[in-house]
Number of protein chains: 2
Amino acid sequence: MTAAEKHQVSRKSARPPRGGSRLNGRAGIRDVAAAAGVSITTVSDALNGKGRLPDATRRHVREVAERLGYRPSAAARTLRTGKSGLIGLTVTTYGEEPFTFTEFAYFAEMARAATSAALARGYALVILPAPARHSPFDVWSNVALDGTVVIDPSDQDPVVSELVRSGLPVVSDGRPSGSLPVTAWVDNDHEEAVTGLLDHLAESGARRIGLLTGTSTDTYTRLSTTAYLEWCERVGQDPVYETYPAHDPCAGAIAADRLLARPDRPDAVYGLFDPNGTDLLAAARRYGLRVPEDLLLVCCSESTVYATTEPPITTLSLKPGRIGNTVIQLLIDTIEGIGPTRPVQQVMPTDLIVRTSSQRRGTRTTVSAPRAPASD
Amino acid sequence: MTAAEKHQVSRKSARPPRGGSRLNGRAGIRDVAAAAGVSITTVSDALNGKGRLPDATRRHVREVAERLGYRPSAAARTLRTGKSGLIGLTVTTYGEEPFTFTEFAYFAEMARAATSAALARGYALVILPAPARHSPFDVWSNVALDGTVVIDPSDQDPVVSELVRSGLPVVSDGRPSGSLPVTAWVDNDHEEAVTGLLDHLAESGARRIGLLTGTSTDTYTRLSTTAYLEWCERVGQDPVYETYPAHDPCAGAIAADRLLARPDRPDAVYGLFDPNGTDLLAAARRYGLRVPEDLLLVCCSESTVYATTEPPITTLSLKPGRIGNTVIQLLIDTIEGIGPTRPVQQVMPTDLIVRTSSQRRGTRTTVSAPRAPASD
DNA sequence: TTGAAAGCGCTAACAG
DNA sequence: CTGTTAGCGCTTTCAA
């Protein structure tokens, strides 16, 4: 027996004509082809709407496929085409838990919008952990992704650099801190937002506006704080602020207290983080300060609870839904090679939701949209 | 040229030795094998911890792979092994939006826990839409899943039956309404929960307990309502309840109002749905009823806002985190063929978080855990 | 102990 | 217009 003969044996005779549905009982494309009396190409084309088949054939094939309960193998398609239709979604974690992502209203809403937008374009989102320190499995390398969304990438995030290096498009929510080479990013116009909100407080009669900010160096904190300091300089007010580690909820309450205990107590405060509203309200109560009579309050939050606090608190909304949607459009455009028609950096406006806590005189209920979006 | 010869030609000569990294620039397993001077089998074994290779070889291969930045192709692995490491997560939707899943604290927490549990076992969650009416793409068939988690499957859910029919394990959160053949389900012990909570209200002095319930026929509503009616019968109280379409937020407020406007006004109310607490509180205020002096209140909710309402409202927590975790364990056990060591149905306890709104006398702060879990 | 080879099920060239 | 065929990159018998 020659090598060639042996080859032929193993290739031809030793194998049944392959109708034997290896798919664990389920029908494969070959079964459909056989049952419909056509070739597998025709089946593939008919089902994918490709090629120039007569409508009759197409219908027939689809019918047979349906009858056999045929489900194309996503794995095979992915391997062949190189596209999985899957987009990773990851959030930098602050604590122990791999997932804080539904805990904050911002992330929850952002994720919801992103999921929705992705599905509308035929992609699904896979929730993945941030750089896992002790992860027993490397889930990242076990899933075929077409691209990734990173929320709040930390400085020099190893996952991001790794992904980008392997040629995967990465779009971040929040501008990357260091020189992370993300494909694109989307972020709010934080300077504009803070400036607008401080103006609003000043218009409401605030003379000395305080700030409750974080100790970390992420861009959100940095940009917001800088904007505050610049605003103070411009209007000639001495900055009054307290900082605390934003991830520690107790520290926030203490910092709020510190801020109101100062000799140069502010008559208005802006809190950068979600819980600051309630913390400041509690602190104000302790010091016998009435809101908004003695103290004006604004905080950055997506939470609806501030609509029903006593009094309702004015909030700055970062519009996470809009951001989630934009991030996904940008990412999918990149994946499909449509971009970059859009800019690689996109700055989105915020919404100031004015409630009782920031209105000392009159009852104007203005909603400022500091700047029109770059597009969209 | 014979057929055999032709075959050999096409198989051997016409193809380069395949080192030419088709992977869009990235290294493939063959590149690693070549660079390490071993066969691809050895590379595969070395990286996957299989086979009985000398430690030296294994280390060497890993080193080379690392150096080349080799990332195994998840798609190829999936195709070959039939396992993707992906689990679908879907929520029955009530409105227009394909995703309400982060909107309710229950879903958000359940999803968080499920994601976390899945990752701990090496799986990732893919968020998928409920049976899409007008979805332009069928995302479901484009992703290779090892199993699916369905939250609140509706009666005769077409997606579920389809999935089960195609041999995919499906575990549901909430017992399936009809005769949905899910692989397993996890649910709270709703009868026990309602009974315990009504007993608590009675102990706090309630004479006539009212119920705010839904018009839909899902098991949660049905079981809870039935438990209420049976409890009433047992203690000899006339049932006092109002129903409304749970998905409509406005209807809830109106129903709450109706309930308190009745001539046989209850002196305690249990609301089955999350917003009922605030709705009932508002209604009580309108009728000049003080809580808890004139009206005792409990509602089923995972929301933290009820800890800070005026007064704080007693809530029944379904412990979605525990459920999410259990669902995932059950599903992965099934996928990996470990089960069913565990029961196919698992009933989980609830927690009554007692706050001011349900305590008329004394200040007992009991947390009742009606019944020990079946296992775990 | 190591390696060659056979595909997993599908799509896309290309030949007929 | 339809069918044949060569792989996508990997794991896994099985033979050396």
Side-chain angles (χ1 to χ4, degrees), chain A residues 3 6-7 9-12 14-16 18-24 26-34 36-58 60-61 70-84 141-142 144, chain B residues 3 6-12 14-24 26-34 36-58 61 65 70-84 141-142 144:
Chain A
K6 199 167 114 200
H7 210 154
V9 165
S10 71
R11 291 284 294 176
K12 295 272 156 89
R15 198 200 327 145
R18 231 140 164 237
S21 32
R22 282 144 181 62
L23 302 88
N24 195 26
R26 283 179 44 225
I29 195 172
R30 269 181 291 271
D31 301 296
V32 178
V38 296
S39 78
I40 60 170
T41 306
T42 307
V43 175
S44 178
D45 285 351
L47 264 35
N48 296 331
K50 303 216 168 158
R52 237 147 294 290
L53 312 176
D55 263 17
T57 310
R58 203 173 290 261
H60 174 75
V61 169
Y70 168 68
R71 291 265 147 255
S73 150
R77 191 211 243 70
T78 301
L79 179 57
R80 187 59 238 250
T81 62
K83 320 233 76 34
S84 66
S141 64
N142 271 333
Chain B
K6 198 168 117 201
H7 210 154
Q8 190 183 19
V9 165
S10 70
R11 292 285 295 176
K12 294 271 155 96
R15 198 200 324 147
R18 230 140 165 238
S21 33
R22 281 140 182 62
L23 301 88
N24 195 28
R26 283 179 44 225
I29 195 172
R30 269 180 292 267
D31 300 296
V32 178
V38 295
S39 78
I40 61 171
T41 308
T42 306
V43 175
S44 178
D45 285 350
L47 263 35
N48 296 330
K50 304 214 168 158
R52 233 147 298 288
L53 312 176
D55 262 17
T57 311
R58 202 173 291 261
V61 169
Y70 168 67
R71 291 264 149 257
S73 149
R77 191 210 241 72
T78 300
L79 179 58
R80 188 62 238 251
T81 63
K83 320 233 72 50
S84 65
S141 63
N142 271 334

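Protein chains get the first letters and strands the later ones, always in sequence-line order, with residue 1 at the start of each.
- Rounded to an integer number of Å, the gap from CZ of A:Arg80 to C1' of C:dT11 is 5 Å.
- Closest to the side chain of A:Thr81, from the set C:dA12, C:dC10, C:dA6, is C:dA12.
- B:Gly49 and B:Arg58 make their closest contact through CA-NH1, 3.1 Å (heavy atoms, listed as atom of the first residue, atom of the second, distance).
- Spacing between atom CG of B:Asn48 and atom P of D:dG9 amounts to 17 Å, rounded to whole angstrom units.
- Heavy atoms only, all atoms of each residue included: A:Ala144 and A:Ser84 are closest at O-OG, 2.7 Å.
- Remark: P of C:dG9 and CG of A:Leu79 are 12 Å apart, rounded to the nearest angstrom.
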Can you check side-chain contact (heavy atoms from CB on, under 4.5 Å) on A:Val38 and A:Val61, steps first, answer last?
CA-CA 8 Å; A:Val38 296; A:Val61 169; 4.1 Å; yes
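- Atom CG in B:Asn142 sits about 12 Å away from atom P in C:dC10, given to the nearest Å.
- Heavy atoms only, all atoms of each residue included: B:Ser73 and A:Leu79 are closest at OG-CD1, 4.3 Å.
- Between A:Leu47 and A:Tyr70, the shortest heavy-atom contact is CD2-CE2, 3.3 Å.
- When all heavy atoms are compared, the tightest approach of A:Ser141 to B:Ala74 is O-CB, 3.9 Å.
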Derivation of the side-chain hydrogen bond (donor to acceptor under 3.5 Å, both in side chains) call for B:Thr42 and B:Ser39
CA-CA 5 Å; B:Thr42 306; B:Ser39 78; 3.2 Å; yes
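- Dashed line: the shortest gap from a side-chain N or O of A:Arg77 to OP1 or OP2 of C:dC10 is not under 4.0 Å.
- Taking atom CZ of residue A:Arg30 and atom P of nucleotide C:dG7, one finds them 11 Å apart after rounding to whole Å.
- In this structure, CG in B:Asp31 is found 11.0 Å from CD1 in B:Ile40, a value given to the nearest 0.5 Å.
- Direction of the helix axis in the helix from C:dT1-D:dA16 to C:dG16-D:dC1 shifts by 40° between the two five-pair termini, rounded to 10°.
- Heavy-atom minimum distance, A:His60 versus A:Ala36: NE2-O, 3.3 Å.
- Rounded to whole Å, atom P of C:dA12 lies 11 Å from atom CD1 of A:Ile29.
- For the pair B:Arg71 CZ and D:dC10 C1', the interatomic distance rounds to 16 Å; values are reported in whole Å.
- Of the candidates D:dG9, D:dT11, D:dT2, the closest approach to any side-chain atom of A:Pro54 belongs to D:dT2.
- The stretch residues 37-47 of chain B comes close to DNA chain C through B:Val38, B:Ser39, B:Thr41, B:Thr42, each having a heavy atom under 4.0 Å from the strand.
- For A:Tyr70, whose side chain is taken as the heavy atoms from C-beta onward, the closest listed nucleotide among C:dT2, C:dC10, C:dT11 is C:dC10.
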